[in-house]
Structure formats: C-alpha cells, structure tokens
Amino acid sequence: MNHYFMNNNLDSNLIKINSIINKKTYSFFVDKGVFSNTKVDFGTKLLLETVTNISGDVLDLGCGYGVIGIYLRLNYDCRVDMVDINKRAIHLSNMNAREYKLSDISIFESDAYNNITKKYNVIITNPPIRAGKEKVYEILVGAKEYLKENGKLYFVIRKNQGAKSTLEHLKKFYKTTILEKSNGFFIILAENN
C-alpha cells in the first residue's frame, strides 16, 4: 500500500469500469496504483447510497479516481473540491470529470488538509485505513477545522478495521450517528458538538 503514498511510477494499465450506484450506471477510468482499481468498492457505493441532500461546498478527501465527488456533483446542487495525495489519482479524477463534462469541479493534490484553504458544508471520505490509524484520525478529527458552522463529515469504515474504536475516539470531537450498517461497513455522520 505504501506505493500509493509515494507517487512512484507504476506501470499503467488504464481501463474503464462500470458501476451501478442508486440504480444508475456510471463509468470511470481506473489504473494500477489507485484504491479499488477493478470495481467501485462496496463501502464507497454504500456511502453514496446512504448520504442524501448534499448541498453547498463539498470536499471529497482522498478522492481516488473521483467516484464520490463526481457522483455528488452529478446528483446534487453542490460545489465540489476533490483532493488526493496520489498524483495518478488526481490525473484519473481529472479524466473522469472531463468525461462527465464537469468543468466546475476543482481537483488538486493534498496530503489530508495540507493544501486546503477554505471551509466546507460537507467533507466526505472513504479514509485510507491501510495508511494507519494516525492518518485516519488526522483526516477525521482534522475535518473539524475545515467544516463550516453546522458542517457535516460523512465517512465509511469497516467494523473489522476499527469502526468501534474510531467512533469512540470521535465522540470527543463530534456528535456521531451511525447512518447505516451493511456487510460489516458502517456509514457515519459526524457533526460539530
């Protein structure tokens, strides 16, 4: 997994995949060196099928090849910024946004919030669990500084990858709600206390 964060030059195998999300088919370019590069993962789909009524300024943190941000922009009245530390993910997100003719999405490189300069109504993420608990907490707890008043953080996490301990930790910073549980995945809403 470390290759993801090192941005080294992996061989390329660019392909296009299809995924059904909320009964509609979406297509995305994917490549080696990005998360879930053969299909849109179950957790991301569950997150998008659970979260509704998105509006305002949205940050898709750790955007990968762009599924979350592109889906939200296509289906809701919102302004979307998408960030990732992986240069290939940024390139793929740009390709996929162009495919959907979404010229108003801002896509740029950022290690968590390093290059973020504004606040959002919504921050949404499928955090990089394999990067370790410290990085995941940096993303989830760090969101508090980048949320507008009454802003919301939505994320997906697996039960067997620390969902309960993460929820317990976040209760110090947010009001947390489990919105959905399915196949060991939890969809969580965290709101400022």
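From a predicted model like this one, the values you see are computed outputs, not experimental measurements.
For the residue pair C63 and I90, the shortest heavy atom distance occurs at SG-CD1, 4.5 Å. For the residue pair L61 and A112, the shortest heavy atom distance occurs at CD1-O, 3.4 Å. Taking each heavy atom of D84 and G64 in turn, the nearest pair found is OD2-N, 2.8 Å.
The line from CZ of R88 to CG of L14 is 9.0 Å long, rounded to the nearest 0.5 Å. Taking CD1 of I124 as the reference point, atom CD1 of I54 lies at 5.5 Å (rounded to 0.5 Å). To the nearest 0.5 Å, atoms CG (L46) and CG (N183) are separated by 8.5 Å. Atom NZ in K135 sits 3.5 Å away from atom CD in E138 (nearest 0.5 Å). Atoms CD1 and CG, on I70 and N96 in that order, are 4.5 Å from each other to the nearest 0.5 Å. The structure places CG of N86 at 8.5 Å from CD of E109, a figure rounded to the nearest 0.5 Å.
Applying the side chain to side chain contact (heavy atoms under 4.5 Å, CB included) test to V136 and every residue at least two apart in sequence or in another chain returns P127, I129, L140. By the side chain to side chain contact (heavy atoms under 4.5 Å, CB included) test, E168 is found to be paired with K171, residues two or more places apart in sequence or in another chain being considered. With sequence neighbours excluded, the residues that form a ring-ring contact (aromatic ring centres under 6.0 Å, His included) with F185 are F42. Every residue meeting the salt bridge (charged side-chain N to carboxylate O under 4.0 Å, His left out) condition with D104, not counting sequence neighbours, appears here in chain and number order: R73. Residues passing the salt bridge (charged side-chain N to carboxylate O under 4.0 Å, His left out) test with K16, sequence neighbours excluded: E99. Taking F186 as the reference, nothing meets the ring-ring contact (aromatic ring centres under 6.0 Å, His included) condition, with sequence neighbours excluded. Legend: residues meeting ring-ring contact (aromatic ring centres under 6.0 Å, His included) with Y100, ordered by chain and number and at least two apart, are absent. Judged as a side chain to side chain donor-acceptor pair (under 3.5 Å), and not counting sequence neighbours, the contacts of H169 are K172. For the ring-ring contact (aromatic ring centres under 6.0 Å, His included) test, no residue two or more places apart in sequence or in another chain qualifies with F29.
Residues Y120 and D81 bring a donor and an acceptor atom of their side chains to less than 3.5 Å of each other. Donor-acceptor pairing under 3.5 Å is recorded for the side chains of K144 and N192.
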Note to self: If you apply the rule side chain to side chain contact (heavy atoms under 4.5 Å, CB included), what do you find for V40 with Y65, and how did you get there?
What the structure shows: CA-CA 10 Å; V40 175; Y65 47 87; 3.9 Å; yes
Note to self: As a quick check of understanding, evaluate side chain to side chain contact (heavy atoms under 4.5 Å, CB included) for V141 and L170, giving each step before the final call.
What the structure shows: CA-CA 7 Å; V141 175; L170 291 183; 3.7 Å; yes
Next item on the list: Test V80 against I107 for side chain to side chain contact (heavy atoms under 4.5 Å, CB included), laying out the working first.
Entry: CA-CA 9 Å; V80 176; I107 303 167; over 6 Å; no
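Under the side-chain hydrogen bond (donor to acceptor under 3.5 Å, both in side chains) criterion, the residue pairs touching residues 38-60 are D41-T44, D41-N126, T44-N126, D57-R79, D57-K148, with sequence neighbours excluded.
V67 is listed as a side-chain neighbour of L48, based on a closest heavy-atom distance under 4.5 Å. Contact check for V83 versus S106: no side-chain heavy atoms found under the 4.5 Å cut-off. With contacts defined as side-chain heavy-atom distances shorter than 4.5 Å, the pair N121/K152 does not qualify. A heavy-atom distance below 4.5 Å is found between the side chains of Y113 and I139. Looking at heavy atoms from C-beta onward, L147 lies out of side-chain contact with K119 at the 4.5 angstrom threshold. Between I188 and I178 the shortest side-chain heavy-atom distance falls below 4.5 Å. Within the 4.5 Å cutoff, the side chain of E191 has no heavy atoms near those of the T176 side chain. I105 is listed as a side-chain neighbour of M82, based on a closest heavy-atom distance under 4.5 Å.
Only one option out of I116, L59, I85 pairs with S110 in a side-chain contact (heavy atoms from CB on, under 4.5 Å); it is I116.
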Anything under 3.5 Å between a donor and an acceptor, one on a side chain of residues 17-27, the other on a protein residue two or more places apart or in another chain? List them.
| residue | atom | partner | partner atom | Å |
| --- | --- | --- | --- | --- |
| N18 | OD1 | S27 | OG | 2.4 |
| N22 | ND2 | Y71 | OH | 2.7 |
| Y26 | OH | N75 | ND2 | 3.1 |

Donor-acceptor pairs under 3.5 Å, side chain of residues 153-166 to any protein atom, not counting sequence neighbours: which ones?
| residue | atom | partner | partner atom | Å |
| --- | --- | --- | --- | --- |
| S165 | OG | G162 | O | 3.2 |
| T166 | OG1 | G162 | O | 2.7 |

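With D111 contributing its side chain and N114 its backbone, the two residues share no donor-acceptor pair below 3.5 Å.
In K101, the NZ atom is not crowded: 12 or fewer heavy atoms of neighbouring residues, nucleotides or ligands sit closer than 6.0 Å.
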